[in-house]
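First up is the structure itself, then whatever we jot down about it.
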Protein chains: 2
Amino acid sequence: MAAQQGGGADLARLRRFNEQAVLTAVRTAGDRRVAEIAADTGLARASVEDVVRGLTERGWLAEQAPVAVGRGRPARRYRFRGEAGRLLGIDIGAYNIRAAVADLDGTVLASVRTASTPRSSRTRRLAALDAAVRDCLAAADTNAGDVWLTGVGTTGWVDRSGRVVLANAIPDWSGVDLPGHLAATLPGPVLVENDSKLAALAEQRRGAGRGVSDMVLLQAGRRTGIGLVIDGRLHRGAGGVAGDLSLLPTLKWESAVEFLRQCPLPPTGALAGNRIDAVLAAAGTGDPTATRAVRRYVRAMAGAAAAAVAIVDPVALVLAGSLARRCDVLLPPLVEELALLCLRPPEVRASTLGADAVALGGVCLAQDRLESHLADTDRPLAAPSAS
Amino acid sequence: MAAQQGGGADLARLRRFNEQAVLTAVRTAGDRRVAEIAADTGLARASVEDVVRGLTERGWLAEQAPVAVGRGRPARRYRFRGEAGRLLGIDIGAYNIRAAVADLDGTVLASVRTASTPRSSRTRRLAALDAAVRDCLAAADTNAGDVWLTGVGTTGWVDRSGRVVLANAIPDWSGVDLPGHLAATLPGPVLVENDSKLAALAEQRRGAGRGVSDMVLLQAGRRTGIGLVIDGRLHRGAGGVAGDLSLLPTLKWESAVEFLRQCPLPPTGALAGNRIDAVLAAAGTGDPTATRAVRRYVRAMAGAAAAAVAIVDPVALVLAGSLARRCDVLLPPLVEELALLCLRPPEVRASTLGADAVALGGVCLAQDRLESHLADTDRPLAAPSAS
């Protein structure tokens, strides 16, 4: 039998395979007894004990204080040592910069938000980014050196190296090298991805799309965007532009929000925060002009969303972005429009992560890199080196 | 170490993992020496020898006649025993029914084609299908009982059970139960899939898209269709309708071919086989009216293809279907249109499998099922039982 006669390379491969299965089982469940890990992974009890011992020695797992249940000696419980390091998630948009510090299992310890504007220069936006990172690390009582990995979401087309190739939403943003800029502050690797893609990743991992294998995320904000999860994984596309419909003339969806901006405000609407919020609020109270504007906005978005749905045929579509806080107003007409345009309309769900989705997606991206790091190393738990 | 202390379940899992790696290496390469298999798979030589012995005993591999190279005893070579069984691929379209008998490694032994028409009744089409299967088995000197698995491609929306949910191209076809019908003739499992999807699978495995991870197939025939390969796998979608753009009103692509049908025929064109062929032939000789019609046809198709490209961001787009035999005429304008509509235009390639793509896709589907069958069984090589 291969495992008995084979050389060291085969056994090392099997051990990694088993280690990763055990670590995933413990991390997903919070904490776990050996018998539970064996049931989760299909591994034999003796194998689990052996793997758990190795992972504990190397600092990935820690033994929990035992909880006595009934008589007899309580079974040992193990947990993932999330506190061993920190991850940083960042969202750089046209209007907001957000940052979140999390531990290695994704629990958010602190988050900050700072306002920006599309007219801000690249230099000022990068300075605001640095300030947000500094403030967030301080709020989480974390040194930059403790941040193992950073995941950044930003508007536009991002290539595999993390460079922003093209960003229409921020005039001065195309070409920016965020890993290069952040290297001055953060010693760990910096991963950059398009913001709608990271929102999709976050919603699929810990939000409205949890566990959904095929998902379309429709980002409804001052701009519109699409993020895709296919077969349980974030779909980037060969060049990183999967889901970007901006050049398709028949689908005019980027300008969809103009239907809301140009809607005449009802008298009471002036009370709301801004024009778009006011129109959504008025539609929520049944104002006919506002309701018509919302319908036209949703129809324009649905045309593009339906193209994504027709291509991917997802289990669910998640409505996210800043306007998704008014899902009470937007979801019913969206469901109606999709029913007309899709052979098999997906379940339509509201984002549960709200404005934090992109920064949380950055944390998820960092977690994924951490897992692949484990699979490639025999070393004790330690921060991956900068790439 | 897990592999040494673990129980039988872990070892069985490792053995399957190794067996599948060895079998894939041998099958892909044609035939292979132990040292080559070890290099391909990363397994230790002792493991490979052990796995090869087991697979040979169970009938999956056979030892090749040794070829002496230089001095010394020639190294033993092993090959996949493709001749141990047969696979059948079928294509049921509105105008043609095709069948191909292949051995287990996909080598085609015989193929047949029979004409049909969209106006044919379901009963007559099924009778023509049965005749095609009979003729193809006879041509390959094969009994129906030797066909381990059958993969069928047909027009329309096909659900996971193999039922045709909806087929616009053939009026009498919606609801047809092909696995049920073919069970009377073929004892092995029958898998059914949409025809554009199977064409995409075939081109990615053995045609123009060989080895391409993300690929869009554009089926250009009397009807238009899209098939997707994402991350190296056929993408079906949650309900089996991925790539079906038929309900999107802005993309009018299903009627694209009308631009060719309604083009006034040049005087010399009457010589060609049918009106569409005549227009394509005239465009090939530079006729301005035909060239304009081709441009409008391609533009209509490109609008839908660009939506698929924008969503998937593939490495390559493969133009296939019956009209793809005139890729000399169609490819240049298609490349131009996609350059206008795509942020990152993919490489555009012509199908290399031509009219056989769908039936070959059926063979590929059957091969995939055969591989997953190996992964689930300890039994000797034998036909999977009907599901």
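FYI, side chains are in, hydrogens and waters are out, and symmetry mates aren't considered; it's all heavy atoms of this structure. Just so it is clear: chains get the letters A, B, ... in the order the sequence lines come, proteins before strands, and each one is counted from 1. Keep in mind it's a predicted model, so treat the numbers as computed, not measured.
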Quiz item: Which heavy atom of Ala238(A) sits nearest a heavy atom of Pro314(B), and at what distance?
Solution: CB-C, 3.8 Å
Exercise. Search all heavy atoms of His235(B) against all heavy atoms of Val312(A) and return the closest pair with its distance.
Key: NE2-O, 2.8 Å
Part of [X] lying under 4.5 Å from any heavy atom of chain B:
X	value
Leu343(A)	both
Ser213(A)	neither
Arg233(A)	side chain

Exercise. Drop me the distance from Arg236(A)'s CZ to Asp231(B)'s CG, to the nearest 0.5 angstrom.
Key: 12.5 Å
Quiz item: Can you tell me how far SG of Cys342(A) sits from CG of Leu245(B), rounded to the nearest 0.5 angstrom?
Solution: 10.5 Å
Quiz item: Would a 4.5 Å heavy-atom cut-off, applied to side chains only, mark Asp244(B) and Arg344(A) as touching?
Solution: no
Quiz item: With a cut-off of 6.0 Å (strictly less than), are more than 12 heavy atoms of other residues, nucleotides or ligands near CZ of Arg163(A)?
Solution: yes
Quiz item: Is the number of heavy atoms from other residues, nucleotides or ligands within 6.0 Å of CZ (Arg296(B)) greater than 12?
Solution: no
Quiz item: What option among Ile230(B), Leu166(B), Ile311(B) has the most heavy-atom pairs under 4.5 Å with chain A?
Solution: Ile311(B)
Quiz prompt | Any donor-acceptor N/O pair, Asp313(B) side chain to Gly240(A) backbone, under 3.5 Å | solution = yes
Practice problem: Quick one: which of Val241(A), Ile226(A), Asp214(A) has the most heavy-atom pairs under 4.5 Å with chain B, could you say? | Solution: Val241(A)
